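All values below were derived from every heavy atom in this structure, side-chain atoms included, with hydrogens, water molecules and symmetry-related copies excluded. All of these numbers come straight from a predicted model, not from anything done at the bench.
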Amino acid sequence: MSTQQETPRIVVGVEGSPSSRAALRWAVRYAGLVGGRVEAVTAWEVPGEASWSAPAVDTTFDEEDAERRLVEEVRTVLGEDGASLVRERLVHGHPVEVLVDAARGADMLVVGSRGRGGFRRALLGSVSQQVALHAPCPVTIVRPEAPAG
């Protein structure tokens with residue numbers, strides 16, 4: 001936690017997976033306990049952008065639509081009241097770099113244990129693993145919630 005008297009800032013990675021939704025709920029609960037504020041961050045990248053093998057162009061990507069989907073995801077997960085406690089940010093770049101950069105000066109970075117990609121057998125997703133190694137603040141990795149039953 002910050003030693004200054006500022007409001008604690010909690011950054012949470014949001015990308016639509018069950019782990020991401022659980023991380024968003026966790027971040028808002030934690031912020032409530034510490035009197036903090038939450039920034040929900042989504043990274044976007046054009047396929048092939050970091051590679052020489054394909055042109056870095058995606059004519060189907062609509063940034064306004066992506067921002068709208070981020071806001072809708074936060075509202076769907078938290079409801080209208082919970083969503084009012086969150087500031088959404090859509091940032092261009094690789095998810096690890098975007099989240100590590102967003103976490104500069106933050107008191108906590110929260111991510112899901114596995115995103116939408118990757119192997120089902122993996123205990124940690126590549127983004128959560130890299131963020132845990134490189135973040136400039138404490139990191140909490142949240143597993144998806146078990147189905148009720």
Side-chain angles (χ1 to χ4, degrees), residues 1-4 6-32 34 36-79 82-145:
M1 297 291 274
S2 172
T3 57
Q4 300 173 353
E6 296 177 6
T7 301
R9 186 169 66 94
I10 294 85
V11 174
V12 58
V14 176
E15 43 77 329
S17 71
S19 291
S20 166
R21 291 179 185 125
L24 179 58
R25 284 188 287 270
W26 192 96
V28 169
R29 284 191 305 265
Y30 179 74
V34 299
R37 58 189 168 96
V38 176
E39 289 180 22
V41 178
T42 296
W44 68 273
E45 240 183 346
V46 175
E49 185 172 30
S51 167
W52 58 267
S53 64
V57 175
D58 184 354
T59 58
T60 63
F61 184 78
D62 181 341
E63 192 168 348
E64 287 180 15
D65 183 52
E67 287 177 356
R68 190 170 36 259
R69 287 194 326 251
L70 170 58
V71 170
E72 287 173 7
E73 175 76 3
V74 170
R75 283 192 178 121
T76 298
V77 172
L78 301 174
S84 69
L85 305 172
V86 177
R87 177 178 167 243
E88 298 92 354
R89 289 182 46 214
L90 178 70
V91 182
H92 177 250
H94 186 275
V96 173
E97 293 169 4
V98 166
L99 291 171
V100 168
D101 187 51
R104 295 193 198 295
D107 295 271
M108 176 76 65
L109 173 59
V110 184
V111 293
S113 62
R114 280 195 311 224
R116 294 185 301 169
F119 301 99
R120 288 192 175 271
R121 295 185 309 271
L123 295 176
L124 278 181
S126 60
V127 171
S128 58
Q129 189 173 32
Q130 289 301 307
V131 163
L133 292 172
H134 300 288
C137 65
V139 176
T140 297
I141 300 173
V142 180
R143 294 177 53 130
E145 295 156 347

Mind checking the NE2-CD spacing from H134 to Q129? Nearest 0.5 Å is all I need. 9.5 Å
Rounded distance (nearest 0.5 Å) linking atom CG of L70 with atom OG1 of T42: 4.0 Å
State the CG-CZ distance between L24 and R29, to the nearest 0.5 angstrom. 10.0 Å
Heavy-atom closest pair, residues V11 and A106: CG2-CB, 3.9 Å
Find the distance between CZ (R143) and CH2 (W26) and round it off to the nearest 0.5 Å. 15.5 Å
P95 to V127 - nearest heavy-atom pair and separation: CB-CG2, 4.0 Å
Here the pair of heavy atoms bringing S113 nearest to P144 is OG-CD, 3.6 Å
For L90 against A66, the heavy-atom pair lying closest together: CD2-CB, 3.7 Å
From the list T140, L109, V28, V34, side-chain contact (heavy atoms from CB on, under 4.5 Å) with I10 holds only for V34
Scanning both residues in full, the closest heavy-atom pair of T7 with R37 reads CG2-N, 4.0 Å
Specify the closest pair of heavy atoms between A40 and V74, including all atoms of both residues, with the distance to one decimal. CB-CG2, 4.2 Å
Side chain to side chain, P138 and D107, heavy atoms closer than 4.5 Å: no
First locate atom CD of E97, then atom CD of E45, and finally report the distance between them rounded to the nearest 0.5 Å. 7.5 Å
Any non-hydrogen side-chain atom of R9 less than 4.5 Å from a side-chain atom of E39? yes
Candidate list V98, V12, V111, test side-chain contact (heavy atoms from CB on, under 4.5 Å), partner V41, passing option: V98
Any donor-acceptor pair under 3.5 Å linking the side chain of R21 with the backbone of G16? yes
Please round to the nearest 0.5 Å and tell me the distance separating atom CZ of R69 and atom CD of E88. 14.0 Å
